[in-house]
Amino acid sequence: MTNLTRLLAHEMADLLRRGEVTSRTLTEAHLAPAERQNHALHAWLTIDRERALDEADAADARLAAARAEGVDAAKRLHPLLGIPVALKDLVSIAGGQATAGSRILDGYRSPYDAHITERLRDVGAVVLGKTNMDEFAMGSSTEHSAYGPTSNPWALDRVPGGSSGGSSAAVAAFHVPLGIGTDTGGSIRQPAALCGVVGMKPTYGRVSRYGIVAFASSLDQIGPFARDARDAAALLHVVAGRDDRDSTSAPVPVPDELLALPASNDEAAAWLRGRRLGLPKEYFVAGMEPGVEERVREGVAALEGAGARVEEVSLPHTEYGLATYYIVAPAEASANLARYDGIRYGPRLGDGTVLENYLATRGRGFGAEVKRRIMLGTYALSAGYYDAYYLKAQKVRTLIKQDFDSLWAQGFDALVAPTSPTVAFPFGARMADPVSMYLSDACTLPVNMAGLPGISIPCGLAEGLPVGLQFIGAAWSELELLRLSRAYEAITADAEWRTLEPTDLPRADDPSTPTPTERARAASAGVSQALTSPQAGVLRS
Ligand code: GLN
């Protein structure tokens with residue numbers, strides 16, 4: 001008997017349509033490891049077994065009705081019908097929790113479904129639960145979750161990346177074939193890279209954010225996690241498209257070809273012939289690990305070997321990406337987070353005046369990183385500083401966008417780059433130094449600043465940990481990026497690393513394995529020891 005969790009979503013869809021498996025069986029097969037391994041991985045903040053099985057039964061009824069109607073009706077079913085999906089815990093489900101990884105939304109229940117929840121429900125996908133994340137999606141490791149960190153399935157003492165680390169870990173650990181994340185500066189692509197899965201950030205405006213907890217409104221985008229390009233394309237197809245309730249969602253048609261990426265490797269690889277790809281030299285940043293650079297350069301060589309033309313290009317304003325992002329994103333966050341006042345959402349602390357209660361609620365409800373961002377943001381927006389910081393950053397943002405535009409004007413089909421300069425790092429490694437955490441996204445942030453689509457796909461391992469290859473395209477070129485990703489999968493289909501599973505899953509199965517919170521505590525005890533050790537003292541003096 002095949003292990004159902006190891007199938008891709010499109011393989012599960014074939015079995016479902018042929019009546020060889022039910023969605024209930026498929027859903028139970030995924031719930032079991034998700035529940036069993038959650039103490040060791042903590043990918044999930046909540047798993048809703050009952051609701052998932054109800055949705056699976058509903059999917060089975062739809063499948064049976066279509067099969068009774070005939071082959072054509074079964075073919076018309078959406079490939080996501082009956083397939084398990086994970087949602088990051090900032091997506092609203094009517095009556096369900098949406099903590100955004102924060103204490104300030106503890107106990108809050110969404111009064112309505114997000115647009116993407118409705119879309120998933122319409123096609124009959126099965127939502128298994130809500131996944132862990134950095135508080136308000138601020139972070140690159142999921143260590144900033146108020147509910148404790150998530151472990152990387154490849155190495156339990158390391159982070160899965162962030163901020164959508166729960167979804168990426170759940171997909172990597174075979175708890176679900178598909179997951180939803182959000183990407184403001186890299187939060188889908190970076191955890192995808194660190195967990196060895198596919199993660200796509202669509203063009204700004206591609207997916208409606210109605211019902212999603214906002215971080216930085218001019219940057220946030222929702223996107224898919226999957227284990228291959230075809231599955232990512234199918235999930236994007238479901239959630240994408242104009243929605244009147246989000247005025248930034250664009251009236252751009254969603255191509256149905258997203259559901260028809262080639263199954264054959266030859267056909268998929270043929271797409272590469274004659275394509276022109278740019279390799280931005282600035283993305284090989286200082287501090288990039290040699291193993292990561294090697295894998296990325298091998299990936300580039302494989303693309304060239306299959307007929308793509310790869311040319312080194314320059315995006316000269318890349319070096320300002322980080323600085324401008326950390327003005328724009330906190331500024332917008334400080335405005336978006338003003339609504340958490342202890343009156344409208346979640347818990348209300350204090351029993352004094354309105355101001356006292358406000359201060360108590362926000363003081364205890366927000367974590368350190370969120371407070372840091374609010375302070376940075378309100379400072380950058382304050383009278384006298386607005387022009388010097390926020391306005392200046394917006395101007396530099398235009399220059400970053402123009403760098404990309406000039407490459408599209410020269411006829412490049414896409415850019416190929418690393419996703420993350422490093423593999424998954426140990427718990428605690430970047431917690432004491434915010435800037436080192438911010439640097440995790442040096443290769444992903446500029447894409448958000450320019451509003452472009454980007455995707456990270458696995459390209460092998462370095463020191464036994466996954467490395468991601470990033471493709472970046474012009475606005476609305478998701479289909480081309482997914483074809484390129486599918487082509488890369490085709491030309492590396494026989495690579496040995498493709499046969500490897502996350503190495504720490506057996507330990508995640510063991511009930512005596514420590515939790516991520518215990519691991520992170522042990523790591524931070526180690527860090528503070530190192531700082532007070534005689535050697536550290538010598539370095540400081
Ligand atoms: N790591 C970046 C930040 O902390 C990006 C996060 C995101 O994309 N949501 O802001």
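Both counts, for ligands and for their atoms, begin at 1 and track the order of listing. Since we're looking at a predicted model, the values are computed, not measured.
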Pairing of Glu369 and Arg372 as salt bridge, 4.0 angstrom limit: yes

All ring-ring contact (aromatic ring centres under 6.0 Å, His included) counterparts of Tyr390, not counting sequence neighbours: Tyr386

Close residues, ligand 1: non-hydrogen atom nearer than 4.0 Å: Ala137, Met138, Gly139, Ser140, Ser163, Asp183, Thr184, Gly185, Gly186, Ser187, Phe215, Tyr325, Tyr326, Arg373, Asp441

Atom pair CG (Leu8) and CD1 (Ile83), whose distance is rounded to the nearest 0.5 Å: 10.5 Å

Residues, nucleotides or ligands: over 12 heavy atoms within 6.0 Å of Phe284 CZ: yes

Residues Asp341, Arg362: salt bridge by 4.0 Å N-O rule: no

Ring centers of Tyr340, Tyr345 separated by less than 6.0 Å: yes

